[in-house]
Peer 1: 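What follows is a structure written as structure tokens; I'll ask about it next.
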Amino acid sequence: MSQLRLRFAPSPTGYLHVGGARTALYNWLTARRHAGTFILRIEDTDADRSQPELTTAILESLQWLGLDWDEGPYYQSQRLELYRARAQELERSGHAYPCFCSPEELRVKRERAEVEHRAWKYDGTCRNLSPAEQSRRRAEGRPAALRFRVPDSGRTAFEDLVFGSIELANSEIEDFVLLRSDGQPTYHLSVVADDLDLRVSHVVRGADHLSNTPKQILMYRALGAPEPIFAHLPLILGPDKQRLSKRHGATSVGAYREQGILPEALTNFLALLGWTPPSGKEILSREEMVAQFDLKAVSRSNAVFDPEKLTWMNSEYLRHLPLEKLLPRVEAQLHAEGLWNPAFSQAERERFEDSVRLLQTRARTLKDFSHSGRAFFTEDFSFDPEARAKFWKEPHLADWLSELARRLRSLSPFDLEGTEKCLRALAEEKGVRAGVLINAARVALTGQAVAPGLFDVMVTLGQDRVAQRLERAAAFQRQSQSAGS
RNA sequence: GGCGCUAUCGUCUAGGGGUUAGGACGUCAGAUUCUCAAUCUGAAAACCCGGGUUCGAUUCCCGGUAGCGCUACCA
């Protein structure tokens, strides 16, 4: 196979959607697998809906996902001459003709057809105007759109890499608009013109374009140009099987980033939405994906986006991430939450690293470091009411925690074994199960009912903090007891 | 409405004319324990319906149904 060229062509009318991200990923994987070229093109011909800031956001999301492009971004809004040239070419060869029907007239006809339950298709009013009539109307200054002349018989067929052979009767296709009356190209014209100009070999895009493809095939043929290979991707749906949209919650790549999802987890998850690697292994490195990805193995049915599985996958990545790679991400997360302490990169570096290492074993998203793990990075944390209700029930707890604090303060060395012995001895003296003290102390030290093993927590926090926090918890209990009685 | 596409556990999927229909997430139970994860063990859970072809269809064909997509001077 000669040099492969693929493109991802988002339109800046929204943030990068997970569906778009998967399309970009499949294009990228195919390009990388075959040492081809991955091109980025921004489809911003709809001036009303396109927003330049969104282009920036889309580019950032792609970079964050690690989907680097080799060419572009090309902006369609800057390539209008190309589309007009193609339009002229089609008009000269008789494959396109000017249409003077106003959008208003057409809307009326379409609506009437609808109430009468007739299928509507452009009726060809301007299809066979004589050249004289055309120039007369032009001379009058009547605005004209340019329409493609679809053959009125025959069928148009093509082979889709994913869906197999697709065939459509030409009579089902209307004479679609190529150039709007203001001279702006429509999607059909600009994609074909660009894909031709950029020598795109494989058009990989959402299945919502499957029905449009015959129109584009017709254009390639009218231009006498070689057709690219098409591969359409099944759509991503929400839990209700409707196309995934904002009302299902987070749909943009940026939203998952904010939720503490790692880009490698998101791409891995997305890769599996519609594709299974031959190895059957679900957790795949980028290299493994590149080595195994094949458009021909993509599923044809739509897939429901399952955030639960994404979270699971994220926790897999998080737990296996080498510490040196995790550290900067946690740092960024703490910055975002206003919890970053400059000492973490200086005097308290070791404690910071120990904390991250400890929290890592049970983190599901980066947010877990700043939320449930908050007490590891700041003194500004509170005792979770539910945790208190569950583990601070013993009436003598305040005294026990004070005593524990006193003993731990003089413990040496302050290590895993020593702290555990110390606590268990106290529990025995007080005639209480060690678990009672352990759970109570966990709430005192972390504010949470759920946290890593207590003695790991102690050693990580350090002797002074542990003693202080136990005292603080004891004081808190005494206060709430006297207030309550 | 017309046209197109799709249909295996709740979800993502493997498979394919004869299989105990496999895996993953999730769920449930047990082990472990210091809470929660992790880990280990086990369990429940699927071939949309109807015809046809065939010795035999979940698999192939046809029809139905359902879902999705397209049906713009949006992309």
Side-chain angles (χ1 to χ4, degrees), chain A residues 9-13 43-46 48-50 76 99 101-103 106-107 110 113-114 116-122 143-147 160 162-164 166-169 171-174 176-188 190-191 205-215 232 234-235 237 239 241-243 269 272-276 278 280-283 299-313 315 319 361-364 368 372 387 390-391 420 423 433-443 446 448-455 457:
Chain A
S11 78
T13 53
E43 308 217 325
D44 55 353
T45 53
D46 184 344
D48 295 339
R49 298 199 304 149
S50 296
Q76 289 194 323
C99 170
C101 300
S102 72
L106 294 169
R107 190 179 61 77
R110 187 161 46 236
E114 184 150 353
E116 292 170 11
H117 297 292
R118 293 185 345 258
W120 165 258
K121 210 177 75 165
Y122 175 65
L146 188 72
R147 283 185 187 271
D160 189 275
V162 173
F163 284 90
I166 302 289
E167 198 181 290
L168 187 65
S171 58
E172 294 294 333
I173 307 173
E174 73 170 354
F176 51 95
V177 171
L178 258 21
L179 233 37
R180 301 184 179 102
S181 44
D182 65 2
Q184 293 291 314
T186 62
Y187 169 71
H188 295 297
S190 55
V191 241
R205 72 225 312 185
D208 45 346
H209 292 291
L210 198 58
S211 306
N212 287 324
T213 306
K215 290 178 187 158
H232 287 87
L235 269 19
L237 311 176
K241 308 279 176 105
Q242 300 284 304
R243 202 166 167 166
F269 174 75
L272 260 31
L273 229 47
W275 173 67
T276 313
K281 210 178 96 186
E282 298 212 327
I283 303 284
S299 152
R300 279 178 293 275
S301 45
N302 295 341
V304 173
F305 187 91
D306 179 9
E308 296 252 36
K309 187 159 182 177
L310 171 59
T311 304
W312 165 78
M313 194 166 275
S315 70
R319 280 186 291 119
T361 57
R362 56 204 75 201
R364 293 177 75 76
D368 289 338
S372 55
K390 192 173 177 191
F391 292 127
E420 179 156 9
L423 182 140
R433 283 189 306 109
V436 172
L437 275 190
I438 288 173
N439 289 326
R442 174 178 294 107
V443 179
T446 67
Q448 307 282 317
V450 173
L454 182 69
F455 306 106
V457 171

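Here is how names work: the chains are called A, B, and so on, in the same order as the sequence lines, proteins then strands, and each is numbered from 1.
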Peer 1: Indicate, with a heavy-atom threshold strictly under 4.0 Å, whether C99(A) touches base, sugar-phosphate, or nothing.
Peer 2: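 C99(A): no heavy atom of the nucleic acid under 4.0 Å.
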Peer 1: If we take the C1' atom in both G26(B) and U65(B), what is their distance in whole Å?
Peer 2: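 Rounded to whole Å, the distance is 29 Å.
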Peer 1: Sequence neighbours left out, what passes side-chain contact (heavy atoms from CB on, under 4.5 Å) with R243(A)? Give chain and number order.
Peer 2: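 For R243(A), the residues satisfying side-chain contact (heavy atoms from CB on, under 4.5 Å) (neighbours in sequence not counted) are D208(A).
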Peer 1: Holding to salt bridge (charged side-chain N to carboxylate O under 4.0 Å, His left out), I want the full list of residues that pass it with E308(A), two or more places apart in sequence or in another chain.
Peer 2: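 Checked E308(A) against salt bridge (charged side-chain N to carboxylate O under 4.0 Å, His left out); zero matches.
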Peer 1: Mind checking the P distance from U8(B) to A14(B)? Whole angstroms is fine.
Peer 2: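 Roughly 10 Å separates the two P atoms.
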Peer 1: Could you let me know what A21(B) is paired to, Watson-Crick or G-U wobble, both distances under 3.5 Å, or none if it's on its own?
Peer 2: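 Matched A21(B) with nothing under the 3.5 Å cut-off.
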Peer 1: Base contacts versus sugar-phosphate-only contacts with protein, heavy atoms under 4.0 Å: please encode nucleotides 2-8 of chain B as B, S and - from 5' to 3'.
Peer 2: SS-SSS-
Peer 1: If the cut-off is 4.0 Å, is R107(A) near the phosphate of A72(B), judged by side-chain N/O to OP1 or OP2?
Peer 2: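 False: R107(A) side-chain N/O out of range (4.0 Å or more) of A72(B) OP1/OP2.
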Peer 1: What string of B, S and - do you get for nucleotides 22-40 of chain B 5' to 3' if you count protein non-hydrogen atoms under 4.0 Å?
Peer 2: -BBS--------BBBBS--
Peer 1: Any base atoms under 4.0 Å from E114(A), or only sugar-phosphate, or nothing? Heavy atoms, all strands.
Peer 2: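 No contact.
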Peer 1: Take the protein atom NZ of K215(A) and the nucleotide atom C1' of A75(B), then report the distance between them rounded to whole Å.
Peer 2: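 Interatomic distance, NZ of K215(A) to C1' of A75(B): 12 Å.
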Peer 1: For V191(A), which residues count as a side-chain contact (heavy atoms from CB on, under 4.5 Å) partner, sequence neighbours excluded?
Peer 2: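 Once residues adjacent in sequence are excluded, the partners of V191(A) under the side-chain contact (heavy atoms from CB on, under 4.5 Å) criterion are R7(A), R41(A), E43(A), Y187(A), D195(A), R205(A), Q216(A).
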Peer 1: Given the P atoms of A29(B) and C36(B), what is the spacing between them in whole Å?
Peer 2: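 It comes out at 13 Å once rounded to the nearest Å.
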Peer 1: Write down the distance separating the C1' atoms in A57(B) and A44(B), rounded off to the nearest Å.
Peer 2: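 About 27 Å, rounded to a whole number of Å.
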Peer 1: Using the P atom as the point on both nucleotides, what is the distance between C25(B) and G16(B), in whole Å?
Peer 2: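 Result for the P pair: 24 Å, nearest Å.
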Peer 1: Measure from CD on Q76(A) to P on C74(B) and round the result to the nearest Å.
Peer 2: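 Nearest whole value for this atom pair: 14 Å.
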Peer 1: Got a donor-acceptor pair under 3.5 Å from the side chain of S181(A) to the base of C73(B)?
Peer 2: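 Flag set: donor-acceptor pair detected.
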Peer 1: Taking OH from Y122(A) and P from C70(B), how many angstroms apart are they, rounded to a whole number?
Peer 2: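 Nearest whole value for this atom pair: 24 Å.
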Peer 1: With sequence neighbours left out, what residues match K241(A) under side chain to side chain donor-acceptor pair (under 3.5 Å)?
Peer 2: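 For K241(A) there are no side chain to side chain donor-acceptor pair (under 3.5 Å) partners, ignoring immediate neighbours.
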Peer 1: Just the rounded figure in Å: distance from P of C12(B) to CG of L237(A).
Peer 2: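 These atoms are roughly 8 Å apart.
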Peer 1: Using both distances under 3.5 Å as the test, list the Watson-Crick or G-U wobble partner of U59(B), or none.
Peer 2: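 Its partner is none (no Watson-Crick or G-U wobble pair with both distances under 3.5 Å).
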Peer 1: Find the distance H232(A):NE2 to C70(B):C1' and express it as a whole number of Å.
Peer 2: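 The distance from NE2 of H232(A) to C1' of C70(B) comes to 11 Å, rounded to the nearest Å.
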Peer 1: If pairing requires Watson-Crick or G-U wobble contacts with both distances under 3.5 Å, which nucleotide is the partner of G67(B)?
Peer 2: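 Here G67(B) is engaged in a pair, and the nucleotide opposite it is C5(B).
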Peer 1: Ignoring the backbone of H188(A), work out which of C12(B), C73(B), A75(B) is nearest its side chain.
Peer 2: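 My answer, after comparing the listed nucleotides, is A75(B).
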Peer 1: Taking only residues two or more places apart in sequence or in another chain, which ones pass side chain to side chain donor-acceptor pair (under 3.5 Å) with R49(A)?
Peer 2: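 If we apply the side chain to side chain donor-acceptor pair (under 3.5 Å) test to R49(A), skipping adjacent residues, the hits are D46(A).
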Peer 1: Work out how far the C1' atom of C9(B) is from that of A24(B), and round it to whole angstrom.
Peer 2: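 Approximately 12 Å lies between the C1' atom of C9(B) and that of A24(B).
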Peer 1: Under a 3.5 Å limit for both distances, which nucleotide forms a Watson-Crick or G-U wobble pair with U53(B), could you say?
Peer 2: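 U53(B) is paired with nothing.
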Peer 1: Return the pairing partner of C28(B) with a 3.5 Å limit on both distances, Watson-Crick or G-U wobble; otherwise return none.
Peer 2: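 Pairing partner, where one exists within any strand: G42(B).
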Peer 1: Checking contacts here: which listed nucleotide (C73(B), G69(B), A75(B)) is nearest the side-chain heavy atoms of L106(A)?
Peer 2: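 Nearest to the side chain of L106(A) among the choices is C73(B).
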Peer 1: For P10(A) and R118(A), take the nucleotide of RNA chain B holding the closest heavy atom to each; which residue's nucleotide lies nearer the 5' end?
Peer 2: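 Checking each residue's closest nucleotide, the 5'-ward one belongs to R118(A).
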Peer 1: Answer yes or no on whether R147(A) is positioned over the face of Y122(A), meaning its NZ or CZ is under 6.0 Å from the six-membered ring centre and within 45° of the axis.
Peer 2: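 Yes, R147(A) and Y122(A) form such a contact.
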Peer 1: Quantified in whole Å, what is the P atom distance between nucleotide U58(B) and nucleotide G2(B)?
Peer 2: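 Looking at atom P only, U58(B) and G2(B) are 30 Å apart.
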Peer 1: Excluding sequence neighbours, so at least two apart, what forms side-chain contact (heavy atoms from CB on, under 4.5 Å) with P234(A)?
Peer 2: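 Expected list: R22(A), V298(A), N302(A).
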Peer 1: Now, which nucleotide makes the Watson-Crick or G-U wobble pair with U35(B), with each of the two distances under 3.5 Å?
Peer 2: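 Checking every strand shown, U35(B) finds no partner, since no pair has both distances under 3.5 Å.
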Peer 1: Which whole number of Å gives the distance between the C1' atom of C12(B) and that of C55(B)?
Peer 2: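 Roughly 37 Å separates the two C1' atoms.
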Peer 1: By salt bridge (charged side-chain N to carboxylate O under 4.0 Å, His left out), which residues pair with R107(A), not counting sequence neighbours?
Peer 2: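 Expected list: E104(A), E111(A).
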Peer 1: Above 12 or not: heavy atoms from other molecules or residues under 6.0 Å from CZ of R433(A)?
Peer 2: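 Atom CZ in R433(A) is not packed in, count stays at 12 or less.
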